[in-house]
Amino acid sequence: MKQAFRITAFLLSLALLAVAGFPVLNAYGAESQSQKTLVLGTSADFAPYEFHKTIDGEDKIVGFDIEIAKQIADDLDAKLVIQDMSFDALLPALQSGRVDLVISGMTPTEERKKSIDFSDSYYQSNQVIMVRSEDTDKYPTMDSLKGEKIGVQKGSIQEEIAQNIPDAVLTSLDKISDLALQLQTQRVNAVVIEDTVAKGYLSDGALALAAATPDEAPVQAAIGIRKGNTELLGKVNETLSRLKNDGSIDKMVTEASLLSADRVPPSDNIFSIFWQYRNYYAAGLGYTLLLSALGVLFGFVIGLLICLLRMTGIKVLQWLGSAYVELLRGTPMLVQLMIIHYGLALTLDINFSPLQSGIITLSLNSSAYLAEIFRAGIQGVDRGQMEAARSLGMTRGKAMRLVILPQAFKSVLPAIGNEFVTIIKESSIISVIGMVDIMYQAQVVKNITYKGLSPFLIAAAMYFMLTFILSKLLGVWERRLSVHDRR
Ligand code: ARG
């Protein structure tokens, strides 16, 4: 009985922990019922188009694309909600209806026009080759880039341009700031990038433009809209033509460029980086706790159900339970996440938010492991226990609940603890779909500071603290439980 009480208390405290993480929910994706929203998808790594900037201690996404989006939202009398994601996730996000429009310096290519519609263009730029300053003379022509290691943004037209350089070895990454880092650390020797964006990286003198320039006509930027959404397309074009005619766009570009040039060089000291961006990490911590607490909670319940299913003695149920466990253990969690977040949206029109997809993935994934742990525990309880309980007149279910499960639970507690620690760490995977957890915030801080190490060391320290505290707590609990054994 006491045991059951303890388990309930434990689950309750987990739920409390989850609820404690809840207030952060309002900061993210929440929408007021009264006003309609316009959800903008963008990849905020593209100054001066769109980029992260700390304003009054808070992380803001700014840039001239964002200013244009605000005008469109105003004209539609809608509230603008910005979703930051990797550039190559924008098209699927638009198609699956997760965002209403994409403004991300996107070039309206023929290929893209097959899957989405584009507005009139609002800006024009040229392609350049960015290299380390000491290498500027090394690349006088495009031919000199033959066989070179080249960095590009994944899914961008720059990727295609680089693919046409003979024998080039490409590194395609999600974020432009990663490319600058790759260049500085000599992992690639050149980066194909737009001139407007390259400017932002040239100021401190480490990087420069090569004389070689891709043989490309200037490219346009246009706004992506879901195919067939002609109403929004018309409205967007109206706003664009107003902004172009009254010179607003030029003004927005100038202002955004000034804003992005006004970068206080970040300190090299890890402690001051942490202090400066503590709000980012604190917000991330809230989501990591929420994700793992709910993942553990639901994983625990589903795992127990699956385990009992496998022990019913009914063939079909046993088979279903085994199939569940094998499938979930035999496929990577990242793949499961993609299927749940994007796959379901594209095929069945089930659109989970990043938080929902994250909790579902973590719960399902951990339930498979927990089911196995529970099974091992139950099978480890001496057969005689069930026989004794049954001979006292208990039903199978009652014997399971009162005699077998408590003993099983105690013996597998260390294994369950390990699983919880794993979930906290694995929850970092959810950052790839835009869940603003510790890992995601570390990447944001990296994008702002252009520092590749400190932001992640801070994240590592935070994850370590969480898992360390948890395993200590579990250790205490385990010792408490074993006290009864000695009596
Ligand atoms: N104009 C290029 C393209 O359409 C690159 C755009 C990248 N945009 C960004 N926000 N990172 O492929």
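Both ligands and their constituent atoms are indexed starting at 1 by order of listing. All values below were derived from every heavy atom in this structure, side-chain atoms included, with hydrogens, water molecules and symmetry-related copies excluded.
- Within ligand 1, counting atoms from 1 as listed, the ones closer than 4.0 Å to a heavy atom of T107 are 1 (N), 2 (C), 3 (C), 4 (O).
- Salt-bridge formation is detected for the pair E231/K235: a Lys NZ or Arg NE/NH1/NH2 atom is positioned less than 4.0 Å from an Asp or Glu carboxylate oxygen.
- Taking OG of S353 as the reference point, atom CD of Q83 lies at 9.0 Å (rounded to 0.5 Å).
- Those atoms of ligand 1 that come under 4.0 Å of a heavy atom in D45, given as number and element, are 9 (C), 10 (N), 11 (N).
- Across E194, E159, M106, heavy-atom proximity to atom 2 (C) of ligand 1 is greatest for E194.
- Between S156 and ligand 1, not a single N/O pair is under 3.5 Å apart.
- Remark: K175 engages D84 in a salt bridge, criterion side-chain N to carboxylate O under 4.0 Å.
- Closest protein heavy atom to atom 6 (C) of ligand 1: G105 O, 3.4 Å.
- Closest protein heavy atom to atom 10 (N) of ligand 1: S104 OG, 2.8 Å.
- Expressed to the nearest 0.5 Å, how far CG of D250 lies from CZ of F64 amounts to 10.0 Å.
- Residue-ligand proximity: Q158 is placed with a non-hydrogen atom under 4.0 Å from ligand 1.
- Side-chain atoms of R226 do not come within 3.5 Å of backbone N or O of L101 as any donor-acceptor pair.
- Rounded to the nearest 0.5 angstrom, I306 CD1 and E372 CD are separated by 11.0 Å.
- At a heavy-atom distance under 4.0 Å, only side-chain atoms of R112, from C-beta outward, approach ligand 1.
- Between R132 and D135 there is a salt bridge, since at least one side-chain N of the basic residue sits less than 4.0 Å from a carboxylate O of the acidic one.
- Protein heavy atom closest to atom 7 (C) of ligand 1, with residue, atom name and distance, is Q153 OE1, 3.3 Å.
- With a 4.0 Å cut-off on non-hydrogen atoms, V219 does not touch ligand 1 at all.
- Proximity of F87 to ligand 1 is established by a heavy-atom distance of less than 4.0 Å.
- In this pair, Y281 and F274 present their aromatic rings tilted. The plane angle is within the 30 to 60° band.
- Less than 4.0 angstrom separates some heavy atom of I157 from each of these atoms of ligand 1: 2 (C), 3 (C), 12 (O).
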